[in-house]
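Quick note on labels: first sequence line is chain A, next is B, and so on, each numbered from 1.
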Amino acid sequence: KAGVTQTPRYLIKTRGQQVTLSCSPISGHRSVSWYQQTPGQGLQFLFEYFSETQRNKGNFPGRFSGRQFSNSRSEMNVSTLELGDSALYLCASSLDEVGKTQYFGPGTRLLVL
Amino acid sequence: QQQVKQSPQSLIVQKGGISIINCAYENTAFDYFPWYQQFPGKGPALLIAIRPDVSEKKEGRFTISFNKSAKQFSLHIMDSQPGDSATYFCAAKTSYGKLTFGQGTILTVHP
């Protein structure tokens, strides 16, 4: 079974721009979660989707948004990029809405200049 | 109350030694405690996980010890190998809740 895939793997943007990151979960998995990883803050939860519905949301500003499609694929969007948004963005999928066992993708490395 | 505190931040162990990483939590509603291993340039990979009704779980060289009354759990890596050098994260989750991570421990195993 293929693992979680994330595209693109690397991205360079400038302040003020917006960016969209994509995540394809493991086949059959219906729950997708997004995390931001930085050296200073570690792994921070962004949001979680199950069956196209956002079930949980972390403490991030409204510039961070996401959605899930009917095929369970998910996208996250960051608008009006700031330097501090430079991070590794990780997507994880799990089988069901309880979402206990989460499998992570390789991440998208975002650099904001 | 949602925090998971992990220590130490970094750990250096000789090959063949035992690596021990500790985590503590406050939220008694947490009912799932996984450990993840992350290599540079990769996403975290699930290593081993435990539920609070079990005091110990072993998988190969990796063991989780869980102390529910103290609200602490730890990862023991027996016979540590240079290939174990990575960053390790403990985490905790409630049913239907988000996964909360510790700050991570950078493990270096010297040959």
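Atoms NZ and CZ, on Lys98(B) and Arg55(A) in that order, are 13.5 Å from each other to the nearest 0.5 Å. To the nearest 0.5 Å, the span separating CG on Leu90(A) from NZ on Lys42(B) amounts to 13.0 Å. Tyr36(B) contributes atom OH, which lies 10.0 Å from atom CG of Leu43(A) (distance to the nearest 0.5 angstrom).
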>> Run the side-chain contact (heavy atoms from CB on, under 4.5 Å) test on Gln103(B) and Gln41(A) for me, step by step, so that the C-alpha distance in whole Å, both residues' side-chain angles and the decisive distance to 0.1 Å come before the verdict.
In response: CA-CA 8 Å; Gln103(B) 283 298 97; Gln41(A) 297 298 314; 6.0 Å; no
>> Set out, in order, the CA-CA distance, both residues' side-chain angles and the distance that settles side-chain contact (heavy atoms from CB on, under 4.5 Å) for Thr101(A) and Lys93(B), then state yes or no.
In response: CA-CA 10 Å; Thr101(A) 303; Lys93(B) 191 180 189 303; over 6 Å; no
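For residues 46-80 of chain B, the interface with chain A (any heavy-atom pair closer than 4.5 Å) comprises Leu46(B), Arg51(B), sorted by residue number. Contact residues of residues 103-113 of chain A toward chain B are Phe104(A), Gly105(A), Pro106(A) (heavy-atom distance under 4.5 Å). Listed in order of number, the residues of residues 12-20 of chain B that approach chain A to under 4.5 Å between heavy atoms amount to none.
The greatest number of non-hydrogen atom pairs below 4.5 Å with chain A, out of Ala45(B), Gly104(B), Gly43(B), Gly102(B), is found for Gly43(B). Ranked by heavy-atom pairs shorter than 4.5 Å toward chain B, the options Asn56(A), Val4(A), Leu88(A) are led by Asn56(A).
By the criterion of side-chain heavy atoms lying less than 4.5 angstrom apart, applied directly or through intervening Ile, Leu, Val, Met, Phe, Trp or Tyr residues, Leu21(A) is grouped together with Phe60(A) in one hydrophobic cluster. The hydrophobic cluster containing Phe89(B) also contains Tyr32(B), counting ILVMFWY residues as joined when their side-chain heavy atoms lie under 4.5 angstrom apart, directly or transitively. In the hydrophobic cluster analysis, where Ile, Leu, Val, Met, Phe, Trp and Tyr join through side-chain heavy atoms closer than 4.5 angstrom, Ile26(A) is grouped apart from Met76(A).
Scanning all heavy atoms of the two residues, the minimum distance from Leu99(B) to Phe45(A) falls at O-CB, 4.3 Å. The heavy-atom pair separating Lys100(A) from Ser95(B) by the smallest distance is NZ-OG, 2.9 Å.
Proximity to chain A (any heavy atom under 4.5 Å) is shown, for Pro34(B), by neither the backbone nor the side chain. Only the side chain of Gln37(A) comes within contact range of chain B, with at least one heavy atom under 4.5 Å from a heavy atom of that chain.
The aromatic ring centres of Tyr35(A) and Phe101(B) sit less than 6.0 Å apart.
Counting Ile, Leu, Val, Met, Phe, Trp and Tyr side chains that sit under 4.5 Å apart, directly or through other members, Tyr10(A) stands alone, with no cluster partners.
Within 6.0 Å of CZ in Arg63(A) there are more than 12 heavy atoms belonging to other residues, nucleotides or ligands.
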